[in-house]
Amino acid sequence: MILDLAADSPFSIHTLPYGVFRPSATEPARVGVAIGTAVLDLAALAATGHFDGPALRGGNVFALPSLNAFMALGRPAWDEARGRVQTLLAPGLNGRPLAPGVAEALRPIDCVELLLPAAIGDYTDFYSSREHATNVGSMFRGPDQALLPNWLHLPVAYHGRAGTVVRSGAEIIRPRGQMLPPGAPTPVFGPTAELDFELEVGFFAGPGNRPGEPISIRSAANHIFGLVLVNDWSARDIQRWEYRPLGPFLSKNFATTISPWVVPLAALEPFRRPGPPQSPEPLDYLRDDSDWAFDIHLAATLQSEAMRLAGMPPLVITRTNFRHLYWSMPQQLAHHTINGCAVRPGDLLASGTISGPMPDSRGSLLELTWGGAQPLELPTGETRRFLEDGDRLALTGWCQGDGYQVGFGEAAATVRAANR
């Protein structure tokens, strides 16, 4: 098989993201790496002795249906595996033939079933974009109380529902719940009329920590395995009624979509940037002088059912960047564990909605339409305050290198009508 490594391929030799796939309905799931338009079967390579280094212990972790065991091995194993895969694929960069065993381990990506990359034990969603928090706070509480007093001192978060994290492509059923119509004295029950997306990036935890032993901000990099795109779907009308005093519940826990490919932290090193200035200065356990922002371009597209039927391409409705996040991943992880909370391999920690400083860089429809007051216009003449049944919402992300990309693929789903 010939490697397809076009300059605009999201899965270049610089990316090498990990995922879990099933080659066919009769074969067990295993770990692979995306390269161009193919998946490299790491389980097949491990079975023939290609991962015999000390950190990987023979590579039997790749024959499992999740990345959790590989994540648990830590950075020495991650670096060893990445280096070995780069060596095995290097001949293909110059048009030379790959070794027979390597060529046989390549499978067309369109011919395999992609699964969730990890067995997610816990899922935490942060609220780390200052622009997003300011926009939403202004709508919910007014501009004078947009940021609550704690927001500039700690990474605000809530615990999500790991059991409803789904892979890209899984349909989203419109949720039902209680809502309080404007001016009404009592709530009503029914399907949400304000279904929204949230453009986020999440990271999977690596080895983790024991209860009572926090992860320091200086050691956080050893516990960040890799990043995925995250869409934490939201029902805004349900959220407005339920979120006081304990935060969102049914408005968030019905579904969270993630991309199937986990981009390792090592692939993002060339794209490190300084983060936004933090004032007031964080407390000591959150203080870090390292550059932990990354120049990751992010976009969301919307395609209505009418657009699909008319053969119209998806409409880009927002463009933003991961570097806008106020609170970094190490700060999120350090704060999450400072009280002794245990984080385990495969736990997912998401950034919260990532919005930029401009109106067209907002990461949710709530912000893009300013609570529905400024609807989006679609090429068909349709308008959108929030998502309608049949809409397909897709998130994409990529880093642009010199003649290559480090891509995240896609986190996409189509909205279906509420169950009766």
Side chains of [X] and [Y], heavy atoms from C-beta outward: is any pair under 4.5 Å?
| X | Y | value |
| --- | --- | --- |
| Q239 | D196 | no |
| I317 | L368 | yes |
| H336 | T124 | yes |
| L89 | I35 | yes |
| L315 | L378 | yes |
| P379 | M307 | yes |
| T353 | S129 | no |

Just checking, is any N or O donor in the side chain of [X] or [Y] under 3.5 Å from an acceptor N or O on the other one?
| X | Y | result |
| --- | --- | --- |
| E388 | S304 | no |
| Q332 | S128 | yes |
| E367 | S364 | yes |
| N209 | T337 | no |
| T369 | Q374 | no |

State whether the side chain of [X] and the backbone N or O of [Y] hold a donor-acceptor pair below 3.5 Å, judged by distance alone.
| X | Y | value |
| --- | --- | --- |
| T15 | P10 | yes |
| D347 | D122 | yes |
| D41 | A44 | yes |
| S12 | Q405 | yes |
| T48 | L45 | yes |
| S168 | A412 | yes |
| R75 | A221 | yes |
| N231 | F197 | no |
| E113 | P23 | no |
| T318 | R362 | yes |

Are F225 and F203 near enough that their ring centres are under 6.0 Å apart?
no
State plainly whether the residues [X] and [Y] are in salt-bridge range, i.e. N to O under 4.0 Å.
| X | Y | value |
| --- | --- | --- |
| R273 | D291 | no |
| R22 | E27 | no |
| R384 | D391 | yes |
| E198 | R236 | yes |
| R82 | D79 | no |
| R323 | D295 | yes |

Show the nearest heavy-atom pair for residues [X] and [Y], with the distance to one decimal.
| X | Y | value |
| --- | --- | --- |
| W261 | G32 | CZ3-O, 3.9 Å |
| R130 | L147 | NE-CD1, 3.8 Å |
| T414 | R308 | CG2-NH2, 4.3 Å |
| Y127 | A133 | OH-CA, 3.5 Å |
| L393 | T301 | CD2-O, 3.2 Å |

Option from E194, H132, M139 for which side chain to side chain contact (heavy atoms under 4.5 Å, CB included) with L366 holds
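When side chain to side chain contact (heavy atoms under 4.5 Å, CB included) is applied between L366 and each of E194, H132, M139, only M139 qualifies.
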Run through L348, V263, V201 and flag the one making a side chain to side chain contact (heavy atoms under 4.5 Å, CB included) with V228.
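Single pass found, and it is L348.
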Kindly check if the number of other-residue, nucleotide or ligand heavy atoms within 6.0 Å of [atom1] ([X]) is above 12?
| X | atom1 | answer |
| --- | --- | --- |
| R161 | CZ | no |
| F249 | CZ | no |
| M358 | CE | no |

Evaluate side chain to side chain contact (heavy atoms under 4.5 Å, CB included) for W233 paired with F254, printing each intermediate quantity in order.
CA-CA 8 Å; W233 303 87; F254 60 96; 3.6 Å; yes
From [X] atom [atom1] to [Y] atom [atom2], the distance as rounded to the nearest 0.5 Å:
| X | Y | atom1 | atom2 | value |
| --- | --- | --- | --- | --- |
| L333 | C341 | CG | SG | 9.5 Å |
| T256 | D125 | OG1 | CG | 7.0 Å |
| R416 | D389 | CZ | CG | 8.5 Å |

Begin from the C-alpha positions of I296 and F271 and carry the test side chain to side chain contact (heavy atoms under 4.5 Å, CB included) through to its verdict.
CA-CA 8 Å; I296 305 173; F271 306 99; 5.9 Å; no
Report the C-alpha distance between V406 and L268 in whole Å, list the side-chain angles of each, state the deciding distance to 0.1 Å, and finish with yes or no for side chain to side chain contact (heavy atoms under 4.5 Å, CB included).
CA-CA 8 Å; V406 170; L268 302 175; 4.1 Å; yes
List the steps, then state whether side chain to side chain contact (heavy atoms under 4.5 Å, CB included) holds for R272 with F294.
CA-CA 5 Å; R272 281 185 180 270; F294 294 89; 3.4 Å; yes
